[in-house]
There are 2 protein chains.
Amino acid sequence: MTSTLGFAILAVLARGERTGYDLAAAMRTPVGYFWTAGHSQIHAELQKLRADGLVGFEAEHGPGPQGKKVYHLTADGLAALRAWVTEPPRARPERDELVLKTYASWLAEPGLLRRLFADQLAMHEERLAGYEREEAAFGGPPPPGDPRFGNYATLWCGLGYERHRVEWCRWMLERLSSAGA
Amino acid sequence: MTSTLGFAILAVLARGERTGYDLAAAMRTPVGYFWTAGHSQIHAELQKLRADGLVGFEAEHGPGPQGKKVYHLTADGLAALRAWVTEPPRARPERDELVLKTYASWLAEPGLLRRLFADQLAMHEERLAGYEREEAAFGGPPPPGDPRFGNYATLWCGLGYERHRVEWCRWMLERLSSAGA
DNA sequence: TCGCGCATGTAAACAGTTACATGATTAC
DNA sequence: GTAATCATGTAACTGTTTACATGCGCGA
């Protein structure tokens with residue numbers, strides 16, 4: 001009954017051992033561009049994963065009242081992760097606040113609405129530019145089987161997503177200006 | 001302190017009065033393609049909205065032990081909705097289980113992975129075809145200010161999203177087959 | 001009269017965010 | 001010495017899902 005968060009942790013641990021702190025740092029900015037978690041969530045989940053035997057840790061002397069715990073995948077953890085990867089994702093409901101606002105946008109002042117979409121456009125253009133720089137840093141896609149394939153494939157997804165978002169914001173701005181006022 | 005769910009309800013109510021049941025039916029399949037809610041959530045939220053004076057209702061005789069309540073926006077509710085529409089959305093963390101799986105896909109059996117993406121591709125192609133039919137049923141975009149503009153603009157977002165998703169799945173399948181079984 | 005759709009609600013469980021709480025190590 | 005970073009954890013709250021609970025109205 002491991003949660004998706006649990007598998008997110010296993011997925012990071014599959015690339016090398018980490019402390020809870022390292023995991024939290026890795027997941028503050030999205031892992032694979034599309035998953036985040038806070039440190040309090042991670043420490044609690046690590047305890048569950050350990051109870052299920054999917055991870056283990058070496059206690060080390062280190063900072064803080066509890067010292068330092070370096071977590072690693074167990075054989076069971078790796079097997080569970082492998083099995084999970086190819087299972088169909090359970091469809092989560094889509095929820096997007098900007099699109100919901102758009103649904104109600106016929107009520108809004110056009111000027112404020114243009115401002116909203118101009119800001120969103122700028123944000124997505126910036127993210128896109130960042131992703132494009134990252135893409136350039138890879139020299140083409142690594143082969144599947146290479147851990148870096150995971151990074152590249154999720155980056156490609158992020159690129160496509162940001163492009164779609166940029167196009168949509170531009171289309172909205174066109175609609176909103178062509179209709180005057 | 002109205003939640004996004006609250007505004008989702010107000011956004012639907014802005015198009016006409018509804019019972020809680022109607023709202024739940026409307027939100028089972030995503031409103032504006034990107035928001036869903038269950039009926040238990042909706043009834044609870046309606047009580048809060050009512051306490052805040054953003055909605056009112058007429059009790060009617062009808063089925064069930066409690067009869068039937070037809071909800072409508074109040075003037076305060078409409079004003080709150082109008083103000084909310086153009087405020088910047090608070091950035092929710094991206095979470096996408098399929099992309100997370102992709103991040104860990106270097107561990108997977110290539111055959112099972114191809115199957116996963118083939119299934120996802122089929123699903124997104126089907127959704128895309130449905131959206132394209134809906135788009136054709138509109139004869140071009142309604143003007144902003146028309147409630148149907150909200151429907152059309154969110155549909156356009158859905159179309160772009162599904163196209164991006166289809167492209168990404170196809171790209172993944174190419175990568176996975178070119179690298180041999 | 002039997003079953004489905006309409007219609008309302010509560011309760012418990014799970015997921016995620018934010019705030020609280022502690023304290024060692026390291027670099028300036 | 002003092003501040004930032006490393007490091008762990010708990011508690012309270014909010015949001016979402018799933019299960020429980022009731023019962024009228026209508027059509028076959």
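Labels below follow one simple rule: chain letters A, B, ... track the order of the sequence lines, proteins then strands, and each chain is numbered from 1. Worth knowing before you read on, the calculation uses all heavy atoms, side chains too, and leaves out hydrogens, waters and symmetry mates.
Under the rule for a ring-ring contact (aromatic ring centres under 6.0 Å, His included), A:Tyr21 has no partner lying at least two apart in sequence or in another chain. B:Glu134 is linked by a side chain to side chain contact (heavy atoms under 4.5 Å, CB included) to B:Tyr33, B:Tyr131, B:Leu155, counting only residues two or more places apart in sequence or in another chain. By the ring-ring contact (aromatic ring centres under 6.0 Å, His included) test, B:Trp106 pairs with no residue at all, sequence neighbours left out. With sequence neighbours excluded, the residues satisfying side chain to side chain contact (heavy atoms under 4.5 Å, CB included) with A:Asp119 are A:Arg115.
Distance CD (B:Glu60) to P (D:dC24): 18 Å, rounded to an integer number of Å. Rounded to a whole Å, the CE atom of B:Met27 is 14 Å from the C1' atom of D:dT16. Rounded to whole angstrom, the span from the NZ atom of B:Lys69 across to the P atom of D:dG23 amounts to 16 Å. Atom C1' of nucleotide D:dT10 and atom CG of A:Leu46 are separated by 15 Å, given to the nearest angstrom.
Comparing A:Gln66 and B:Gly62 by the nucleotide of DNA chain C that holds the closest heavy atom to each, the one mapping nearer the 5' end is B:Gly62.
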Atom pairs and distances, side-chain donor-acceptor, residues 60-72 of chain A, under 3.5 Å, sequence neighbours left out:
none

List, one per line, each side-chain donor-acceptor pair under 3.5 Å for residues 142-154 of chain A, sequence neighbours excluded.
from, atom 1, to, atom 2, distance (Å)
A:Asp146, OD1, A:Arg148, N, 2.8
A:Asn151, OD1, A:Arg15, NH1, 2.5
A:Asn151, OD1, A:Arg15, NH2, 3.4
A:Tyr152, OH, A:Glu135, OE2, 2.7
A:Thr154, OG1, A:Gly150, O, 2.9
A:Thr154, OG1, A:Asn151, O, 3.0

If you restrict it to nitrogen or oxygen atoms, what contacts under 3.5 Å exist between nucleotides 2-6 of chain D and the protein, and what is each distance?
from, atom 1, to, atom 2, distance (Å)
D:dC6, OP2, A:Tyr21, OH, 2.6

Going 5' to 3' along nucleotides 10-18 of chain C, which nucleotides have protein heavy atoms under 4.0 Å from the base (write B), which only from the sugar-phosphate (write S), and which from neither (write -)? BB---SSBB
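Aromatic ring pairs are classed by plane angle as parallel below 30°, tilted from 30° to 60° and perpendicular above 60°; the pair A:Tyr161 and A:His124 is perpendicular.
For residues 28-53 of chain B, the salt bridge (charged side-chain N to carboxylate O under 4.0 Å, His left out) pairs, not counting sequence neighbours, are B:Glu45-B:Lys48.
Listed nucleotides: C:dT25, D:dA7, C:dA7. Nearest to the side chain of A:Pro65: D:dA7.
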